Amino acid sequence: MGDILQLVLKRLGLGVVTLLVISILIFFAVELLPGDIAQAVLGQAATPETVAALREKMGLDQPAILRYFQWLGGALTGDFGVSLISGERVTEAISGRFINTLFLACYAAVIAVPISIILGVIVALLRNTLFDRVANVVTLTSISSPEFFLGYILILYLAVKTNYFPAIASLSTDMSFGELLHRTFLPALTLVLVVTAHMMRMTRAAIINLLASPYIEMARLKGVPPWKVIVKHALPNAWAPIINVVALNLAYLITGVVLVEVVFVYPGIGQLLVDAVSKRDFPIVQACCLIFAATFILLNLAADVGSILTNPRLRHPK
Amino acid sequence: MVPKKDVLLQIKDLRIEGYSDENWIEIVHGVDLTLHKGEVLGLIGESGAGKSTIGLAAMGFARDGCRISGGSIEFDGMELTTTPESDLRALRGSRIAYVAQSAAASFNPAHRIIDQHTEAPIQYRIQKRVEAQEDAMELYHRLRLPNPDEIGFRYPHQVSGGQLQRAMTAMAMACRPDLIIFDEPTTALDVTTQIEVLAAIRDIVDQFNTAAIYITHDLAVVAQMADTIKVLLKGEEVEEAPTEQMLDAPSEDYTKSLWAVRSFKRPQKERPAAADAVPIVSVKNVDAAYGKIQVLDDVSFDIYAGMTVAVVGESGSGKSTTARCITGLLPPTKGEILFNGEALPPRYQDRSKDQLRQAQMIYQMADTALNPKIRISEIIGRPAQFYGGLRGAELKNRVDELLDLIELDPAKFYNRFPPELSGGQKQRIGIARALAAEPTFIICDEVTSALDQLVAEGILKLLDKLQQDLNLAYMFITHDLATVRSIADEVVVMQRGKVVEQGPKEKMFTPPHHPYTDLLLSSVPEMDPNWLTTLLEERGTDSIGEAANV
């Protein structure tokens, strides 16, 4: 096990380095944006004196490198500065929103991941049958349709026409967990439809890829029934690619949900980011980007570790 | 004669079709086969003869892309061609079991060996898990596996190939089947390991009076195992006879040609007499390591122009690593490689184009060594262009000339792709590619071990002819001592990264030997059906399990 721990620590170290590089990119990309932040905040009518005063107050007159390290130092202690628009602390502005986004992502993942893998196993078992083709067409259709379109279709049929679920996923602090699940069901379902196809097809492909292996033929020649050949003999060897594609989709659930949040007016981090970009609220943009990057890196790290843990050669060294 | 009521398996006019290019093509053309209880039938033939296909058909099984299209397969009164799949499945593993060629590939890497062993008995409710595990250990005992009570609880990758092959035989025995299909169970093993597995299989089949179909392309092996031998060629039976009779007096020409195939032998050449003759390649006190694991320890030998040096040893003995050191793919940690008396830079990146040109390589698996998407003309033309600077009509002439050299018709092969060629033809392309650089020295890494005997013979003859015409020096890596006998001038025997013995071939094949050379030589199966019995008696039964550890 010591080897695996060492490997994980090594990957973690690499992840930190990657994050550092990304932080540089984020910070200086924002620097490169045309226009002056102080000018933007104060508007056209501001006098040069007031702009200069604000610049000094915001520390914009200092060299970029220095400001980068100040920002990075703050970020490490959880302090991303102050929103330029509202004056609120960025950490506070983001944390509630980010938890909402995480909740929605988990909600969608809890439904989508088991469904995709189980469906993937079933279509691998029933490959080239009618069921396989129907499942493929349905999931491909849902992945090919834009999210907002799927969202509106769901609203039309499950909210407007039948009134099963609310069309707007507004949250309040005093509602029960059951009510929370009910209100956020439609955005979660939209996300499920978007991510299922990818994971299901990868599960199917990873399993079918293994069916030509001699050990699968051996299992069949031992009289093992077809479902058990797939579940017991193929699936345990197919985890590595499946885990990787699951991680990729989980990352998408957190970082790619802007449209769904807009459609359902859901108070998540995606909406916050879009607002901040349009208002040039750079501290918030930078913080969001860094959080997204960290999410991607952590999930990929988790996928790597997962792949290693499912490989018996690494789990049980000679 | 065995009474008729003891017939276990009766195959009549079996026809099997394979799907290729959107057509069903018959690959087995009406084969008959009768097997009695407790009898061992050897099926031999070259690849493509349909041996495995027939073996699997005896289980009512056809691989994907194949189908049983005619004839009847009667197993113990049951007609398998009309039995529904679910009933066939109930037969497999319980009454008919299968032992595959590569145990390493046929054990599922994700499960422990014993869990795979007990799968069938538990599924058929013959035994509970604990009983099945105890029975597995009992079988491991009988097959003389080391640590029989513990070995099953390991994962396949933690166990050696020979041990896995025995564990797989034990697995086939789990439900005490009436019939076991052995599909080339020792082909992937070293000669020394092969003996243990052969002895173990023969013992256990005897003990339980199990009938078996033993599939192999190695005549000497089948002679040890089978009561009756059936020779197949391209999906048809050539002849069938009891083992002794088949070995002594084969009646068909094809069988005779198989028997005669090991007869090619060319005269041994001597080193140049002149005292100042410089070897073309000289390996001097080379050590090499993969990471922290040392794999070569003080390896030294010389190869003179126009001569063939065979490097022999079991897998893991460092033969291919030595080749990697010579080619510069793996820089030695100590020692040096001299080429015509001059030290070569250890890394191939530091060698000059001319130094690279002089030493070429031919690989074991022509299938994977040739890019399937590139035309033959380009595969051969590329080194001629790179080293010789040829282009246009000159290049085409050179490629034609090379194709002529390897005895393939340029008009037919110039524009083809590797997948359109047979195994032997691909290996010839591999040779032409090495020749295109106009080398003086070629490393042949197990170049014939993936080929059928007749085809391998052709390749050896071609290599010999090229050596005489072009005065090439060969380093011939092989584990097949028959190949060594036919083509080598000098022999280097390696064991665990060390050279244990070296010298001219005739001397190496005449006693006294180093004990390891002796073990290697005596482990090569001979056509005499009593060879295995005699050998085991000589060595004493106890030494079988240790043979691999000598």
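The model shown is predicted, which means the values in this text are computed figures rather than measured ones. In what follows, chains are A, B, ... by sequence order, proteins preceding strands, each numbered from 1.
- No more than 12 heavy-atom neighbours from other residues, nucleotides or ligands sit within 6.0 angstrom of CZ on A/F69.
- Side chain of B/E119 to main chain of A/V224: no donor-acceptor pair is present (N/O by atom type, distance under 3.5 Å, no hydrogens or angles).
- The most heavy-atom pairs under 4.5 Å with chain B, out of A/K222, A/K228, A/R220, come from A/K222.
- Taking a 6.0 Å sphere around CD1 of B/I293, one finds it holds 12 or fewer heavy atoms contributed by other residues, nucleotides or ligands.
- Contact tally against chain A (heavy-atom pairs below 4.5 Å) for B/M168, B/R154, B/E85, B/M171: the top residue is B/M171.
- In terms of the ring pair (Phe, Tyr, Trp, His ring centres under 6.0 Å) criterion, B/Y98 has no residue partners (sequence neighbours excluded).
- Taking a cutoff of 4.0 Å between a charged side-chain nitrogen and a carboxylate oxygen, B/D115 and A/K232 do not qualify as a salt bridge.
- Comparing A/P226, A/A234, A/P312 by how many heavy-atom pairs each has under 4.5 Å with chain B, the most go to A/P312.
- Within a 6.0 Å radius of CD1 in A/I65, other residues, nucleotides and ligands contribute 12 heavy atoms or fewer.
- In terms of non-hydrogen atom pairs under 4.5 Å with chain A, the most contact-rich of B/A105, B/G93, B/A103 is B/A105.
- In terms of heavy-atom proximity, A/G223 sits nearest to B/Q123 at O-NE2, 2.7 Å.
- A 6.0 Å sphere centred on CZ of B/R67 holds more than 12 heavy atoms belonging to other residues, nucleotides or ligands.
- Here the closest non-hydrogen pair linking A/L221 and B/F61 is CD2-CG, 3.6 Å.
- Contact annotation for B/L56: only side-chain heavy atoms (C-beta onward) come within less than 4.5 Å of a heavy atom of chain A.
- For chain A, the nearby part of B/R63 is the side chain; its heavy atoms alone come within less than 4.5 Å.
- For chain A, no part of B/A90 is nearby; none of its heavy atoms comes within less than 4.5 Å.
- Rounding to the nearest 0.5 angstrom, the gap separating the NE2 atom in B/H111 from the CG atom in A/N237 is 7.0 Å.
- Residue A/I216 holds its CD1 atom at 11.5 Å from CG of B/D64, rounded to the nearest 0.5 Å.
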*Where do A/M218 and B/Q116 land on the side-chain contact (heavy atoms from CB on, under 4.5 Å) test, with the steps shown first?*
CA-CA 10 Å; A/M218 191 69 218; B/Q116 303 187 46; over 6 Å; no
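- Atom CH2 of A/W227 has 12 or fewer neighbouring heavy atoms from other residues, nucleotides or ligands inside a 6.0 Å radius.
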